[in-house]
Number of protein chains: 2
Amino acid sequence: MRPREFDHDEVLRIAFEQFWRKGVRGTSLSDIARDAGVQRGSLYNAFGSKEALFLQAYERYAGDYLAALQKALGTGSLRKRLTAFFDLTITNFRAGTPPRGCPTTRGLMELGAAEGEGLDEDARQAFAGLISRITALVQDTLSAGAKHGEFSGSPAAAALHIVTVTRGLAVLERAFGDEPQLRKVAAHTIDLVLGRKGG
Amino acid sequence: MRPREFDHDEVLRIAFEQFWRKGVRGTSLSDIARDAGVQRGSLYNAFGSKEALFLQAYERYAGDYLAALQKALGTGSLRKRLTAFFDLTITNFRAGTPPRGCPTTRGLMELGAAEGEGLDEDARQAFAGLISRITALVQDTLSAGAKHGEFSGSPAAAALHIVTVTRGLAVLERAFGDEPQLRKVAAHTIDLVLGRKGG
DNA sequence: CAAAATATTTGACACGGTGTCAATAACATG
DNA sequence: CATGTTATTGACACCGTGTCAAATATTTTG
């Protein structure tokens, strides 16, 4: 066996950075190969295809991001937790110069996900999976809040509503790039869900 | 002057249908040319570039869609208006087989909109413009509702929240394709904004 | 230590996409 | 009918994905 001449994880990192910044279709394997100091053919040999490379890079990101969200949702009053959740969400959208947006939302809308066109069902499942897991995390947080009397209502419905808002925020970020606006919507959403003054 | 051999508007219609179904990057001018029975070169001559063709096709759609929304928001109680608004929004996402999603949200996330990459600033403005105009429409509706005592709170904040939810719904549609879920979120949002039983 | 086995790298290739250009064709107008 | 103007057409350059066979560098085996 001839050993690989590049760092598998390092390439994944570099690739994801570019996919995130320029979109999946807007990033060529030549770009990634140049940036990583690897031949294009080696990428095909190691990952199979652009799609497979993206998926691996995305899964890597998704794991890290989910862990960060879990941490943000882990301490303080319910209001504090939700605030930290939205804060991390928005901060993540606005990372980099120029802001790179939400990789999940961008990927999901870019790759079609419909039968026949765009990336495989695999990609859609990866995106949908992260969204589902985020929703579950928020729902658990709300359920716990309900036990402490910090929240009344359906945790499932509220969690889905909150996550829907975060997806909407990802879109607004792309449209207007107005971070204060995003934070206003986040604050308003927390107020609506928790009751104007509650917490 | 030699006259054009194809119908300008017809081509715009055909092009938008394909952009909507397969995404902008996923649609080639060859596809459109074949479908429209026109030579690819003629499209470049008539529209300049793929980007310009998309923009014209999109503006056409945006005008029609905005008019339909305005109509939906035009009659009945505030709750009825908002219900009609969400209904039209979701129905629009789920049009076609397979569902084509929200062209605005898909285009916005697909085309990057960030400096340097993806489509021009022009495209971002077109998408952002439609979102802004929708927000203004909803805001006006809420303001009118406030006069009739059907709504209390900030129309601007509520309108932005509602439109954010619709953008989020566009994303969820792509992720899960679960129309009942979308309608639940919509109903829940109306309840939150108007008060559980109000209207 | 030599040689076989095996995986990686490399460069050439086919194919399809965007966009440009010059040559050609079709009409309007004088 | 001659001329100017615009639309059409086909060839081209360039870049993208993906495939393949040949060359290369290790590890394992004799």
Side-chain angles (χ1 to χ4, degrees), chain A residues 1-12 14-58 106-107 110-112 116-123, chain B residues 1-12 14-58 106-107 110-112 116-123:
Chain A
M1 281 233 328
R2 176 176 177 174
R4 204 154 269 165
E5 291 181 5
F6 60 88
D7 183 329
H8 195 270
D9 261 29
E10 171 83 359
V11 168
L12 243 38
I14 293 172
F16 188 72
E17 172 67 27
Q18 301 223 17
F19 285 136
W20 195 356
R21 182 153 44 84
K22 303 185 292 187
V24 179
R25 288 229 168 84
T27 301
S28 73
L29 285 198
S30 302
D31 292 341
I32 296 169
R34 190 183 328 108
D35 233 58
V38 174
Q39 288 288 109
R40 202 169 54 87
S42 295
L43 295 180
Y44 278 101
N45 175 63
F47 300 100
S49 67
K50 183 177 172 179
E51 169 187 340
L53 171 56
F54 171 73
L55 274 179
Q56 286 190 47
Y58 178 75
R106 290 189 65 184
E110 178 181 359
L111 299 183
E117 295 298 335
L119 270 214
D120 264 2
E121 177 65 13
D122 293 342
Chain B
M1 283 236 325
R2 175 176 178 175
R4 205 154 270 163
E5 292 181 4
F6 60 87
D7 184 328
H8 195 268
D9 261 28
E10 172 83 359
V11 168
L12 243 38
I14 292 172
F16 188 72
E17 171 66 27
Q18 302 223 15
F19 284 136
W20 196 354
R21 181 152 44 84
K22 302 185 292 187
V24 179
R25 288 228 168 85
T27 302
S28 74
L29 285 199
S30 302
D31 291 341
I32 296 169
R34 191 182 327 109
D35 232 58
V38 174
Q39 289 288 109
R40 203 169 54 88
S42 296
L43 295 180
Y44 277 100
N45 176 63
F47 299 100
S49 68
K50 182 177 171 178
E51 170 186 339
L53 170 57
F54 171 73
L55 274 178
Q56 286 190 47
Y58 178 74
R106 290 190 65 184
E110 177 181 359
L111 298 183
E117 294 299 335
L119 270 213
D120 264 2
E121 178 63 14
D122 294 343

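Here is how names work: the chains are called A, B, and so on, in the same order as the sequence lines, proteins then strands, and each is numbered from 1.
When side chains are defined from C-beta on, K22(A) counts as touching D31(A), because their heavy atoms get closer than 4.5 Å. No side-chain heavy atom of V24(A) sits under 4.5 Å from any side-chain heavy atom of E51(A). Taking 4.5 Å as the limit, every side-chain heavy atom of F19(A) sits out of range of all side-chain heavy atoms of R106(A).
To the nearest angstrom, P of dT9(D) lies 10 Å from CZ of F6(B). Nucleotide dA7(C) holds its C1' atom 14 Å from the NE2 atom of H8(A), rounded to whole Å. Rounded to whole angstrom, the span from the NZ atom of K50(A) across to the P atom of dG16(D) amounts to 9 Å. Note: CE (M1(A)) to C1' (dA4(C)) measures 16 Å, nearest angstrom. As rounded to whole Å, 13 Å separates atom C1' of dT9(D) from atom CG of L43(B). Separating the CZ atom of F54(B) from the P atom of dT18(C) is a distance of 14 Å, rounded to the nearest angstrom. We find that CG of D7(B) is positioned 15 Å from P of dA7(D), with the value rounded to whole Å. In this structure, L29(B) places its CG atom 7 Å from P of dG19(C), rounding to the nearest Å.
Shown here for A46(A) and F6(A), the closest heavy-atom pair between the two residues is CB-CZ, 3.7 Å. Counting all heavy atoms, side chain and backbone alike, A123(B) lies closest to L111(B) at CB-CD1, 4.1 Å. In terms of heavy-atom proximity, G26(A) sits nearest to R25(B) at N-NH1, 4.0 Å. Between T27(B) and Q18(B), the shortest heavy-atom distance links the atoms OG1-O, 3.1 Å.
Toward the 5' end of DNA chain D, the nearer of the two residues P3(B) and P3(A), judged by each one's closest nucleotide, is P3(B).
Looking at N45(B) and S42(B), their side chains never bring a donor and an acceptor atom within 3.5 Å of each other.
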5' to 3', nucleotides 10-15 of chain C under a 4.0 Å protein heavy-atom cut-off (B base, S sugar-phosphate only, - none) gives BS----
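Comparing the axis of the opening five pairs of the helix from dC1(C)-dG30(D) to dG30(C)-dC1(D) with that of the closing five pairs yields an angle of 10°, rounded to 10°.
By the 30° and 60° cut-offs, the orientation of the rings of F54(A) relative to F16(A) is parallel.
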